[in-house]
Number of protein chains: 2
Amino acid sequence: MSSEKPDTRTRILDSAWKLLESGTGGEVRMSDIARAAGISRQALYLHFPKRAELLVATTLHVDAVKNVDARLAASRAATGGVERLDAFIEAWGNYIPEIYGVGRALMAMQETDAEARHAWESRMQAVREGCEAAVRALERDGVLSPDHPGERATDLLWTLLSVRNWEQLVRQCGWTQKDYVEAMKRTARQTLVRQA
Amino acid sequence: MSSEKPDTRTRILDSAWKLLESGTGGEVRMSDIARAAGISRQALYLHFPKRAELLVATTLHVDAVKNVDARLAASRAATGGVERLDAFIEAWGNYIPEIYGVGRALMAMQETDAEARHAWESRMQAVREGCEAAVRALERDGVLSPDHPGERATDLLWTLLSVRNWEQLVRQCGWTQKDYVEAMKRTARQTLVRQA
DNA sequence: TCCAAGCTTGACACCGTGTCAAGTTGACAT
DNA sequence: ATGTCAACTTGACACGGTGTCAAGCTTGGA
């Protein structure tokens, strides 16, 4: 990793990201990425022996560029349970479109490639933990709805905030990003927060 | 269609369905289906020239066997808006696991195959219409939440009841089917029905 | 001057889909 | 018996994408 010259590697990662983001419709092939990075297909395999590895590296690269960790962590600063829930949904919800292209490719590979599946799952783990933290904050404040015992509330929130749901509402139904975030906040509050 | 002997065709469809349902982990290949049906791979292509066609035919076959239309239609019998919402969620929610195997394969092909995408979308159209009908019933009763103008309520319900969400909650989080249906009913009521 | 890293080109194996040609089998009609 | 037709068989192959391998070229540093 650290022994490698950053130049070419970064160029590859940037190209891959750009191609995946623009979502040309068809799948993005290794040869496409190589061409975009200005190297041969075989040289690309010198850097990333497997397609899945390249995809994983690209997500990490995007994460770093987009300051994902920092943005998700910041949402934990809110003191009140409900405010924290809102802040988390806002942070993650607005992050989805920025990583969607890469995530989409990783999700598509999940079905076949074990490595890709593992990568995506561990990636989602961060989100899962964010959901968990938000639910715990609600619990601490005594405002968590009694409808969802155990981990159910976390499961539900996690599912509600899935990339697939964002995809459906924003890409297919044509919602704006703002609409999406507001609706998710409202829905989460209605289902997870004990009603007075 | 009608000119074809039903025997082999049905055997193929049954085999495909069974293989897809059992979800062996890996993808189900044409050769797997042919072997299961007791014919050669090439003969399978005689019946279904494209993989997507076979998948589409299999879904229709499953639909027919499972009486999908009848079950979804029955949910419209409920008079009250809220009861109809409940009935629809119950009908569709309990139908998901029965068609999941085939749907999964079709969803996986969506990314690459236009025919598969179209088939899946037109398939989901029936669900979408069910959601629409349920929302209209709420509207007629004057109990639809004012939070969701226009088609938003339908979009939200449709997304909530997506196969992916079922997959996540039941297959990944380990919810029981009953838990899932109850939670969806509750969530739908909390978000779509005007709170007193 | 030599070496090594990083790249190049070209060839190829593997796998799954889809196609094609030629031969086999069995039912039915004359 | 003979013909014929449909459904099926085997075997071979094209295509596209991933991943591998070998051999040669270029460039910078000791």
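Because the structure is predicted, anything quoted here is derived from the model rather than measured. Proteins come first, then strands; the chains are lettered A, B, ... in the order of their sequence lines, and each starts at number 1. Computed from heavy atoms alone, side chains included, the values below leave out hydrogens, waters and symmetry copies.
In terms of the side chain to side chain contact (heavy atoms under 4.5 Å, CB included) criterion, residue partners of A153(B) (sequence neighbours excluded) are, by chain and number, V135(B), L144(B), H148(B), L192(B). Take T176(A) and apply the side chain to side chain donor-acceptor pair (under 3.5 Å) test, not counting sequence neighbours, and it matches D179(A). Looking at residues two or more places apart in sequence or on another chain, you find a side chain to side chain donor-acceptor pair (under 3.5 Å) between S145(B) and D147(B). Every residue two or more places apart in sequence or in another chain that forms a salt bridge (charged side-chain N to carboxylate O under 4.0 Å, His left out) with E98(B) is listed here: K66(B), R71(B).
Residue pairs meeting the salt bridge (charged side-chain N to carboxylate O under 4.0 Å, His left out) criterion with at least one member in residues 30-45 of chain A, sequence neighbours excluded, are R29(A)-D32(A), D32(A)-R35(A). A ring-ring contact (aromatic ring centres under 6.0 Å, His included) check over residues 93-147 of chain B, counting only residues at least two apart or in different chains, returns the pairs W92(B)-Y95(B), Y100(B)-W166(B). Residues in residues 75-89 of chain B take part in these salt bridge (charged side-chain N to carboxylate O under 4.0 Å, His left out) pairs, two or more places apart or across chains: D86(B)-R189(B).
Within the structure, a side-chain polar atom (N or O) of H47(B) is placed less than 4.0 Å from OP1 or OP2 of dC8(D). Regarding contacts with the backbone of dT9(D), a side-chain N or O of S40(B) is found under 4.0 angstrom from either OP1 or OP2. In this structure, T8(B) reaches the dC8(D) phosphate: one of its side-chain N or O atoms is under 4.0 Å from OP1 or OP2.
Between E167(B) and R164(B), at least one side-chain nitrogen of the basic residue sits less than 4.0 Å from a carboxylate oxygen of the acidic one, meeting the salt-bridge criterion.
In this entry the distance linking CZ of R11(B) with C1' of dC8(D) reads 11 Å, nearest Å. For the pair D32(A) CG and dG16(D) P, the computed distance is 14 Å after rounding to whole Å. If you take CG of D7(A) and C1' of dA5(C), they are 14 Å apart, rounded to a whole angstrom. Rounded to whole angstrom, the span from the CD1 atom of I33(A) across to the P atom of dG17(D) amounts to 13 Å. Distance, L44(B) CG to dT9(D) C1': 14 Å, rounded to whole Å. Taking atom CG of L46(A) as the reference point, atom P of dT18(D) lies 17 Å away to the nearest angstrom.
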Using atom names, set out every protein N or O paired with an N or O of nucleotides 24-28 of chain D below 3.5 Å, distance rounded to 0.1 Å.
none

Report task. Let me have a per-nucleotide readout for nucleotides 14-21 of chain C, 5' to 3', with B, S or -, counting only protein heavy atoms under 4.0 Å. Result -> --SBBBB-

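Without hydrogens or angle criteria, D155(A) side chain to C173(B) main chain gives no donor-acceptor distance under 3.5 Å.
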